[in-house]
Protein chains: 2
Amino acid sequence: MSQTQMMKGILDGCLLAIIRGKEVYGYEMTERLSDYGFGEVSEGTIYPLLMRMQREGLVTSVKKESTAGPKRKYYSLTDKGHKELEEFLARWKRLEKSVNNAIRQETNEGSEGSG
Amino acid sequence: MSQTQMMKGILDGCLLAIIRGKEVYGYEMTERLSDYGFGEVSEGTIYPLLMRMQREGLVTSVKKESTAGPKRKYYSLTDKGHKELEEFLARWKRLEKSVNNAIRQETNEGSEGSG
DNA sequence: TTTGAATAACTTGCAATGCAAGGTATATTT
DNA sequence: AAATATACCTTGCATTGCAAGTTATTCAAA
């Protein structure tokens, strides 16, 4: 078990969330993710993910000049991307609850009440 | 993206948590997971996981007779399994915070205040 | 005994995805 | 030119969840 295994299928949703906030470029996202607590996420993880999401029509990109280095590729959400993000948020909420249910493991079985 | 992809690297930790509560057998765990909200988790997922965890010394098992069917294989946590569970819980807490940070994405940047 | 269903554990082959390592390219400084 | 930082992309691999199938026990019906 590792931290990275737990991110499978979650990172892409988080990238959608990050992109929703404002236009960002790939290289910048590794810093964002690090700020959020994910640790240092490899570029070998980020770029293939962004390219796939673009291929699927979830994001679009435009190149803009940088003050120090090659052009940056800024990503934005499409309508489809917004919908996918909403669905991800629902899946995440469900997973979060499920896992917390499992690790709760209180001794009182059969007294969950009426929910 | 699918629900199952998001469970990678998380399910094993949840199984450890379930086993900690009390002795359980594999077939029963699919029902438990369903109760917790994971949906119907395949036996093809559960059994290989349990066998690996046993090979790694995280759990032990004893066979006990069933009232209806073949013998059940009840699992318990080893000391190593307890430690692994603690580490999983820490990783999960961190992931949970990181994801929630990422999806928070409030418009007010740089004005988070003191929480 | 045979057939069928429920319980219970295990195996095989496949698909999805994160990542180390490496490659390409631009701008600045020495 | 060489070194450093920025910025993007590709290849090959390991991990892990799962559909589908196998084996085996118990109970019920014929």
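Just so you know, these numbers use all the heavy atoms, side chains as well, and skip hydrogens, waters and symmetry mates. Here is how names work: the chains are called A, B, and so on, in the same order as the sequence lines, proteins then strands, and each is numbered from 1.
Nearest nucleotide to the side chain of Arg72(B), out of dA24(D), dC19(C), dA9(C): dA9(C). Closest contact between the side chain of Tyr47(A) and the listed nucleotides dT10(D), dA9(C), dA25(C) involves dT10(D). In the set dA7(D), dG18(C), dT7(C), dG18(C) carries the atom at the smallest distance from any side-chain atom of Lys8(A). With distances taken from any side-chain atom of Val41(B) to the nucleotides dC18(D), dC19(C), dC10(C), the minimum falls on dC18(D). With dA7(D), dT17(C), dT25(D) as the candidates, the nucleotide lying closest to the side chain of Pro70(A) is dA7(D).
A side-chain donor-acceptor contact under 3.5 Å links Glu23(B) and Ser76(B).
Close to dT7(C), at under 4.0 Å from its OP1 or OP2, lies a side-chain N or O of Tyr27(B). Regarding contacts with the backbone of dA9(C), every side-chain N or O of Tyr25(B) stays at 4.0 angstrom or more from both OP1 and OP2. Note on Thr45(B): a side-chain N or O is less than 4.0 Å away from OP1 or OP2 of dC18(D). Distances shown here put a side-chain N or O of Arg52(A) below 4.0 Å from the OP1 or OP2 atom of dT17(C).
Residue Thr4(B) is in sugar-phosphate contact alone, with no base atom involved, counting any heavy-atom pair closer than 4.0 Å across all strands shown. Residue-level contact check: Lys73(B) touches the backbone only, with heavy atoms under 4.0 Å from sugar-phosphate atoms and none from bases. Among the protein residues, Gly44(B) comes within range of the nucleic acid bases, having at least one heavy atom under 4.0 Å from a base atom. Looking at heavy-atom distances under 4.0 Å, Ser66(A) makes contact with sugar-phosphate atoms alone, never a base. Across all strands shown, Ile46(A) has no heavy atoms under 4.0 Å from either base or sugar-phosphate atoms. The residue Glu28(A) sits apart from the nucleic acid: no heavy atom pair falls under 4.0 Å.
Computed from coordinates, the Met53(A) CE to dG18(C) C1' distance equals 14 Å when rounded to whole Å. The separation between Leu11(A) atom CG and dA16(C) atom P is 18 Å, rounded to whole Å. dC19(C) atom C1' lies 16 Å from atom CZ of Phe38(A), rounded to whole Å. Between Met6(B) atom CE and dC18(D) atom P the separation is 12 Å, expressed in whole Å. One interatomic measurement links the two molecules: OH of Tyr74(B) to C1' of dA8(C), which rounds to 11 Å at whole-angstrom precision. Between the CD atom of Glu65(A) and the P atom of dA25(C) there is a distance of 18 Å, given to the nearest Å. Atom-to-atom, CD of Glu31(B) to P of dA9(C) comes out at 11 Å; the value is rounded to the nearest Å. Rounded to whole Å, atom P of dG17(D) lies 12 Å from atom CD1 of Ile10(A).
Lys73(A) forms no cation-pi arrangement with Tyr25(A), by the criterion of a distance under 6.0 Å to the ring centre and an angle within 45° of the ring axis.
Contact check on Glu56(B) versus Lys80(B) returns no salt bridge, with no Lys/Arg side-chain nitrogen under 4.0 Å from an Asp/Glu carboxylate oxygen. Ion pairing between a basic and an acidic side chain is recognised when a charged N comes within 4.0 Å of a carboxylate O; Arg91(A) and Glu84(A) show such pairing.
Across the interface with DNA chain D, nearest-nucleotide mapping of Gln3(B) and Ala68(B) shows Gln3(B) to be the residue nearer the 5′ end. When each of Leu49(B) and Glu43(B) is assigned the nucleotide of DNA chain D bearing its nearest heavy atom, the one mapping closer to the 5' terminus is Leu49(B). Closest-nucleotide positions on DNA chain C for Gly69(B) and Tyr75(B) were compared, and the one nearer the 5' end corresponds to Gly69(B).
Here the OG1-CZ distance, from Thr67(B) to Arg72(B), works out to 5.5 Å after rounding to the nearest 0.5 Å.
A donor-acceptor contact shorter than 3.5 Å links the side chain of Arg94(B) to the backbone of Gly37(A).
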